[in-house]
Amino acid sequence: MSSVQSQQEQLSQSDPSPSPNSCSSFELIDMDAGSLYEPVSPHWFYCKIIDSKETWIPFNSEDSQQLEEAYSSGKGCNGRVVPTDGGRYDVHLGERMRYAVYWDELASEVRRCTWFYKGDKDNKYVPYSESFSQVLEETYMLAVTLDEWKKKLESPNREIIILHNPKLMVHYQPVAGSDDWGSTPTEQGRPRTVKRGVENISVDIHCVNDFRSVSLNLLQTHFKKAQENQQIGRVEFLPVNWHSPLHSTGVDVDLQRITLPSINRLRHFTNDTILDVFFYNSPTYCQTIVDTVASEMNRIYTLFLQRNPDFKGGVSIAGHSLGSLILFDILTNQKDSLGDIDSEKDSLNIVMDQGDTPTLEEDLKKLQLSEFFDIFEKEKVDKEALALCTDRDLQEIGIPLGPRKKILNYFSTRKNSMGIKRPAPQPASGANIPKESEFCSSSNTRNGDYLDVGIGQVSVKYPRLIYKPEIFFAFGSPIGMFLTVRGLKRIDPNYRFPTCKGFFNIYHPFDPVAYRIEPMVVPGVEFEPMLIPHHKGRKRMHLELREGLTRMSMDLKNNLLGSLRMAWKSFTRAPYPALQASETPEETEAEPESTSEKPSDVNTEETSVAVKEVLPINVGMLNGGQRIDYVLQEKPIESFNEYLFALQSHLCYWESEDTVLLVLKEIYQTQGIFLDQPLQ
């Protein structure tokens, strides 16, 4: 909302208000009668309610021209629908109303605007109604044609407009309590400025806080060649709303009854946002969430194809915060085109700590049912077989009612939280497959219509998407944390989403909700995430200075330590000249490495770090062999206080040029289109 306000503020600065006391100077201008009138050029606006106030926002030039052509076509406006904003909004011309196509939003009024006045306090241009604008235009035409000015008009709400001359037209508001015998208009305070047409009003300003508009601007600066050659079209961004349906279930009313009255704003924020995490881990609401997300994704895609039948591009998806986790779970539970839900490719393989996997005997001991272990051993029932047993099965082998209930409840809980262990597929001849004891494959076996993904999530039915996404972008994502607390130790490097080729985990370094993914694929190696380049093609200045100072301090430290080491050697060896004579050159050279001096350790560590930066890192196939974790560069002001900007950094992605450019770069690369100049 703030971006729209700033846009209007920029519109208002193009025409300074003239002083009402300067009327006489304008009246002396000699006008050529009958030769100066030209019809006004209209522009179409729509009204948004921002902070309980009406704000009129111009359509861009292309949309305004389409609306004007439809209006002037002579076919009548009733029933005419004109798509605007790239097809995201439809304007019903006869109703003069603008409706959102892909999501729920209050309809907004549309107006064909020719005359404006400047508001009192906000200094923004406000259009007159179409009917009164027509009256103003007719009066103006007569005044220009006859060269007769000082025309006075009264608006429907008794406001007075005076046309002094073409360059000075003012608007007086009525004074409360005045009547026909009251004061004259010139005595009613400072007048408003009246403006004819949209000359000097920018109607193509894009809001810099809008993800879509940022992408349009970056196309002009980074993909100009491909655009000029008509190799690419724009990337459309369509939001998927799942938050509102969840909170329309009545749960908000229930929560309000138990919410404490203190720190009201913070508690409202908690109920409105943070509690979504708990909703998602609740079997009551998790199914509602995944159903809503998937159905909205399918509905929007279907509607988009209906409105764009010639569309041949791909589809990528992006999720922010909890939304990214929801998409991760949905993508994990998709089926490939062959429908082989039992294939290893559809399983999220994880390494489990064997110390966390008790034996059946230990489980029975924990339940104080050790005396029944011999029965299970006799029947050759292990943990996997026991998890499949029913109450009747246990009764038939002689387990009493009480122990049966304890056992069934215990293994049912573990099945939902950890998944059922299943035998690994037979390896191909000569394949180097880890032993079964090292890996635990999650179960994707079908239980009715439910898929147990085996990563600790509650048992829900995951809907199927009707398309295969090219790339999945996660912004400020807690995926890594949730997978870890669900019990995953490691993601199999060979695992990939069944229907999605790419996966990028993008985060701000100060985002308190974001976690990395790559250490779960390569747990034994420490390495930094990929640094997202600045959209202007360089690192931010403060980061370059910081790295330069770090290198300088390391060089000074190494030189100082080297000098101290030489001094120490000469000091300790001086009293023992006989030892030097007995040493061979090889021993002398090898001594610093064989000693336990800390300077040697520092050099070795620095060398290993340098090697780790140079050597390529294999992070598995989750992103097709490419890197997964990408970190933004913090701004200079953010580096002063990480905690101050922590919450703000969680919301920074939608206005970040660097984030948008990475998204565009990866999407266009799937079509063989690259940046005009590679970023460094």
Listed pairs under 3.5 Å, donor-acceptor, residues 320-328 side chains, sequence neighbours left out:
from : atom 1 : to   : atom 2 : distance (Å)
H320 : NE2    : H650 : O      : 2.6
S321 : OG     : H650 : NE2    : 3.1
S324 : OG     : S321 : O      : 2.5
S324 : OG     : S477 : OG     : 2.8

Can you give me every donor-acceptor pair (side chain of residues 619-626, partner residue at least two apart or in another chain, under 3.5 Å) with its distance?
from : atom 1 : to   : atom 2 : distance (Å)
N623 : OD1    : F503 : N      : 2.8
N623 : ND2    : F503 : O      : 3.3
N623 : ND2    : R627 : O      : 2.8

Check: Distance-only, no hydrogens or angles: does the Q220 side chain make a donor-acceptor pair with backbone N or O of L216 under 3.5 Å?
Finding: no
Note to self: Given 3.5 Å as the limit, does a donor-acceptor pair link the side chain of R98 with the main chain of Y46, or not?
What the structure shows: no
Margin query: Could you check whether any side-chain N or O of D63 sits under 3.5 Å from a backbone N or O of P58, counting only pairs where one atom can act as donor and the other as acceptor?
Written below: no
Item checked: Aromatic ring proximity Y653/F473, centre distance under 6.0 Å -> no
Next item on the list: Flag the pair Y89 / W103 as yes when their ring centroid distance falls below 6.0 Å, and as no otherwise.
Entry: yes
Check: For the atom pair CD (E634) and CG (D511), what is the distance rounded to the nearest 0.5 Å?
Finding: 13.0 Å
Item checked: Ring-face cation contact, F527 with R516, 6.0 Å cut, 45° max -> yes
Margin query: Does the structure place the NZ or CZ of R212 under 6.0 Å from the centre of the six-membered ring of F237, at an angle of no more than 45° from the ring's axis?
Written below: no
Next item on the list: Please answer whether the main-chain N or O of C652 pairs with a side-chain N or O of S656 as donor and acceptor at a distance below 3.5 Å.
Entry: no
Next item on the list: May I ask you to test the P529-Y507 pair for a side-chain heavy-atom distance under 4.5 Å?
Entry: yes
